[in-house]
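Below is one structure, written out as structure tokens; comments come after it.
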2 protein chains.
Amino acid sequence: MSGSIIATRREVADLAGVSEATVSRVLNGVGPIKEETRIRVLDAANQLGYVPSNLARSFARRKSGNIGVVLPYIPKARLFSSYYFSEILSGMGNTVREQGYDLLVLFRSGEETPEYESFFRMQKVDALVVLGAKDEPGEREALRKLRESGHPFIVVNQHFDGENFPEVDVDHEEGSRMAVEHLMDQGYRSIAFLNGPLTYSNSLDRFKGFEKALQQRGLEPDDRLLFEGNFGRRSGYAIGDDIAKRIDEVDAVFVANDRMAVGLLQRLRELLPDQERFPAIVGYDDSDSADICVPPLSSVRVPFYEMGELAARLMLTACEDSSNGAEVFKEHPRYLLQAELIVRDSSKKRTGG
Amino acid sequence: MSGSIIATRREVADLAGVSEATVSRVLNGVGPIKEETRIRVLDAANQLGYVPSNLARSFARRKSGNIGVVLPYIPKARLFSSYYFSEILSGMGNTVREQGYDLLVLFRSGEETPEYESFFRMQKVDALVVLGAKDEPGEREALRKLRESGHPFIVVNQHFDGENFPEVDVDHEEGSRMAVEHLMDQGYRSIAFLNGPLTYSNSLDRFKGFEKALQQRGLEPDDRLLFEGNFGRRSGYAIGDDIAKRIDEVDAVFVANDRMAVGLLQRLRELLPDQERFPAIVGYDDSDSADICVPPLSSVRVPFYEMGELAARLMLTACEDSSNGAEVFKEHPRYLLQAELIVRDSSKKRTGG
DNA sequence: TTGTATGCGTTATCAG
DNA sequence: CTGATAACGCATACAA
């Protein structure tokens with residue numbers, strides 16, 4: 001009945017026989033309130049179907065109540081690893097909702113050089129989570145400015161060396177080391193590495209892990225077995241040609257993400273029907289495709305969902321500290337989560353002599 | 001230099017030698033303004049690095065500037081078809097950004113019965129896009145209330161029979177019909193159907209298309225060849241057992257989404273190493289996994305990205321019509337996009353005699 | 001414990 | 001074309 005008519009706070013106050021300020025206090029649970037009036041106000045509000053305007057509240061408090069999420073610009077939407085973002089967004093969404101915050105998603109446009117502070121100036125967000133950033137001059141500069149502005153923000157899954165930005169990252173070096181060590185445990189020695197673009201710190205981390213694993217056994221990376229793709233399946237497919245050429249020197253391949261690994265696998269299967277020569281493969285991300293493909297792909301699982309949770313939680317606490325949000329990060333600017341190796345058939349020891 | 005200090009509109013006005021009202025006019029491009037003062041104001045604003053508060057503006061205009069996106073509650077994040085949401089979100093995001101709007105993502109909580117109107121009452125959003133809705137009493141009720149409230153909203157990829165909700169949907173009946181017709185063109189006659197839960201209108205549509213294709217050739221669905229999964233890969237895998245049992249009666253299987261198709265494929269490969277018996281398969285969604293799996297999976301491509309674009313565009317125009325936003329939908333409540341069949345090896349005619 | 005009064009940063013109305 | 005000025009709906013310091 002009364003649900004559809006819009007109720008004002010004035011009406012609630014009148015019906016409850018109190019002032020608007022008291023209504024406000026009750027609804028926000030601040031200040032000491034006599035239980036009786038509290039109930040009276042609540043009743044009135046309920047009866048009138050009163051819903052406070054979040055917008056007005058935000059305005060008065062000068063807090064948007066939003067956590068911003070910056071997503072990278074993706075010309076062809078299909079290109080990006082949707083798994084990655086879905087998981088992180090889910091983690092963030094579930095976390096912020098518990099605290100009454102919302103997620104405002106901000107798609108980068110392709111052209112413009114990144115600029116983050118205005119999201120705060122416009123008061124669209126109280127904190128910012130930056131996803132899919134690359135190590136490029138414009139990005140570093142934008143993030144530096146953002147940090148100087150003192151607003152709470154965090155970079156996810158990307159490390160900017162020497163900047164000390166607040167970051168939630170994964171120990172990709174260790175993840176990679178484990179992967180390669182596993183390959184060596186299986187008896188493989190000539191291990192090729194198909195990496196991603198070096199604008200992602202991930203890629204460098206993975207290389208370090210790769211190198212470390214080799215060195216632990218007294219080996220060194222062989223430049224001729226190092227390849228670089230762009231994380232897309234097609235690039236893995238294309239590099240399959242190169243690897244096939246050197247197949248005599250290659251025991252196994254460690255690939256920086258599953259999508260490239262899948263492409264590589266496809267191409268190698270076309271080129272090397274001879275099972276005996278087929279190299280072992282370990283991918284990265286443990287995405288859905290890992291156990292879809294044939295043979296099932298060993299892969300390094302990355303806790304994307306948990307990264308989202310953590311990033312969100314950090315930003316929330318930064319928002320609560322009404323003081324300087326950035327304070328929180330002064331001590332522990334970098335949070336590191338652990339990856340985990342999932343072993344499947346693609347990297348098992350060859351049975352034949 | 002001056003970038004970091006927060007500039008107020010007052011200062012801009014002073015520097016430009018005009019009133020605050022004029023600053024506002026210039027920045028909003030409203031009313032007639034002498035070109036000279038316009039430039040003077042713009043200069044001043046630029047020089048001071050003044051950024052108007054979107055929050056205050058929204059408050060004054062009583063428009064949040066946000067398009068809300070309701071996402072379904074997913075207990076285990078990994079379960080949901082991330083491809084689906086990523087594409088739709090990308091489509092929406094790119095569209096709304098062009099108009100200066102933002103996307104506010106609203107994760108459903110598992111418990112609560114859905115309630116949408118309060119997002120408007122709280123003035124968090126100006127329009128709402130509902131994703132992943134199921135045909136359940138609570139959902140219908142919530143959407144009915146929302147419509148009665150007169151706020152602009154749209155349901156994506158789900159049809160509520162008899163309600164006339166504004167919807168952006170795909171012609172899944174035709175998509176399915178094409179898929180099954182294709183199978184028959186290839187010479188298959190005993191076609192099993194692995195469908196999804198019937199709480200999704202999609203599933204019903206697909207069944208209709210399945211039935212229609214058969215009837216065009218004078219056939220009728222065989223109840224014993226109808227199966228239902230939950231869209232997850234595991235359910236496809238499990239139903240592989242059932243289908244293998246009746247493999248003598250099954251030529252081909254039409255599967256309601258790729259993930260189940262992939263699961264089915266895996267299980268059948270385990271159970272039926274005998275290539276001769278292996279049924280043809282057509283999946284649905286044309287997700288990445290379709291051409292990863294072995295054999296590459298024929299599938300019905302669904303224009304998710306375009307659905308997001310369209311839904312967003314509709315909501316934007318509804319928001320612009322400052323009158324009653326819902327007016328827009330009075331005439332064309334349902335928008336239907338077309339699916340497309342992508343043929344790959346999994347459904348090709350058997351070469352053997 | 002509660003009421004009063006003021007401010008939040010814009011937009012928009014109404015004179016001039 | 002431009003300048004005052006009143007909302008906008010709520011939070012909060014200050015009074016009572």
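Residue numbers start from 1 in every chain, and the chains themselves are labelled A, B, ... in the order their sequence lines are given, proteins ahead of strands. Nothing here was measured: the structure is a model prediction, and the numbers come from that model. Basis for what follows: all heavy atoms, side chains included, without hydrogens, waters or symmetry-related copies.
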**Asked** Any side-chain N or O of A:Thr37 less than 4.0 Å from the OP1 or OP2 oxygen of C:dT2?
**Response** yes

**Prompt:** Which nucleotide in the list D:dC10, D:dT5, C:dT4 gets nearest to the side chain of A:Ala21?
**Reply:** C:dT4

**Nucleotide C:dT6, atom P - distance to CZ of A:Phe59 in whole Å** = 17 Å

**Request:** Can you run down the salt bridge (Lys or Arg N to Asp or Glu O under 4.0 Å) pairs that involve residues 92-107 of chain A, sequence neighbours left out, and say none if there aren't any?
**Result:** A:Asp102-B:Lys124

**Asked** Rounding to a whole Å, what distance do you find between A:Lys63:NZ and D:dG9:P?
**Response** 24 Å

**Prompt:** So, B:Ser118 side chain and B:Arg121 main chain: donor-acceptor pair closer than 3.5 Å or not?
**Reply:** no

**Message:** Test your reading of the model: is there a side-chain donor-acceptor pair from B:Gln99 to the backbone of B:Val96, 3.5 Å cut-off?
**Reply:** no

**Prompt:** Nearest-Å distance, CG (B:Asn54) to P (C:dT11)?
**Reply:** 9 Å

**Message:** Should the side chain of A:Arg10 and the base of D:dG9 be counted as holding a donor-acceptor pair, with the cut-off at 3.5 Å?
**Reply:** no

**Request:** Measure the shortest side-chain to side-chain distance between A:Val168 and A:Asn157 over non-hydrogen atoms and say whether it is less than 4.5 angstrom.
**Result:** no

**Rounded interatomic separation in angstrom, taking CG from B:Leu27 and P from C:dA12** = 14 Å

**Prompt:** 5'-most contact on DNA chain C: B:Arg57 or A:Arg62, nearest heavy atom basis?
**Reply:** A:Arg62

**Message:** Less than 4.0 angstrom between a side-chain N/O of B:Asn28 and OP1 or OP2 of C:dT10, yes or no?
**Reply:** no

**Prompt:** In whole Å, what is the span from the CG atom of B:Asp14 to the C1' atom of D:dG3?
**Reply:** 14 Å

**Prompt:** 5'-most contact on DNA chain D: B:Ala56 or B:Glu35, nearest heavy atom basis?
**Reply:** B:Glu35

**Item:** Phosphate OP1/OP2 of D:dC10 contacted by A:Ser53 side-chain N/O (<4.0 Å)
**Value:** no

**Message:** From CZ of A:Arg9 over to P of C:dT4, roughly how many Å is that when rounded to an integer?
**Reply:** 13 Å

**Request:** Would you indicate what B:Val30 reaches in the nucleic acid, counting non-hydrogen atoms under 4.0 angstrom: base, sugar-phosphate, or nothing?
**Result:** nothing

**Request:** Measure from the side-chain N and O atoms of B:Glu87 to the backbone N and O of B:Tyr84, and report whether any donor-acceptor pair falls under 3.5 Å.
**Result:** no

**Message:** Rounded to whole Å, how long is the line connecting atom CZ of A:Phe120 with atom C1' of C:dG9?
**Reply:** 19 Å

**Complete:** Assert: residue with more 5' nearest nucleotide on DNA chain D, out of B:Ser19 and A:Tyr50, is B:Ser19

**Asked** Among the nucleotides C:dG3, C:dC8, D:dC8, which one has an atom lying closest to any side-chain atom of A:Ala60?
**Response** C:dC8

**Item:** Phosphate-side-chain proximity, B:Ser24 and C:dT10, N/O vs OP1/OP2 below 4.0 Å
**Value:** no

**Asked** Which of these nucleotides, C:dG9, D:dA11, C:dA5, is closest to any side-chain atom of A:Arg61?
**Response** D:dA11

**Request:** Please state how far atom CZ in A:Arg38 lies from atom P in C:dT1, giving the value in whole angstrom units.
**Result:** 12 Å

**Message:** Tell me whether the side-chain N or O atoms of B:Arg25 pair up with the base of D:dG3 as donor and acceptor below 3.5 Å, since no angle test is needed here.
**Reply:** yes

**Request:** Any chance you could lay out the salt bridge (Lys or Arg N to Asp or Glu O under 4.0 Å) test for B:Glu148 and B:Arg144, step after step, and finish with the verdict?
**Result:** CA-CA 6 Å; B:Glu148 276 155 28; B:Arg144 255 187 239 131; over 6 Å; no

**Fill in**
Of D:dG9, C:dT2, D:dT2, the nucleotide closest to the side chain of B:Thr22 is D:dT2

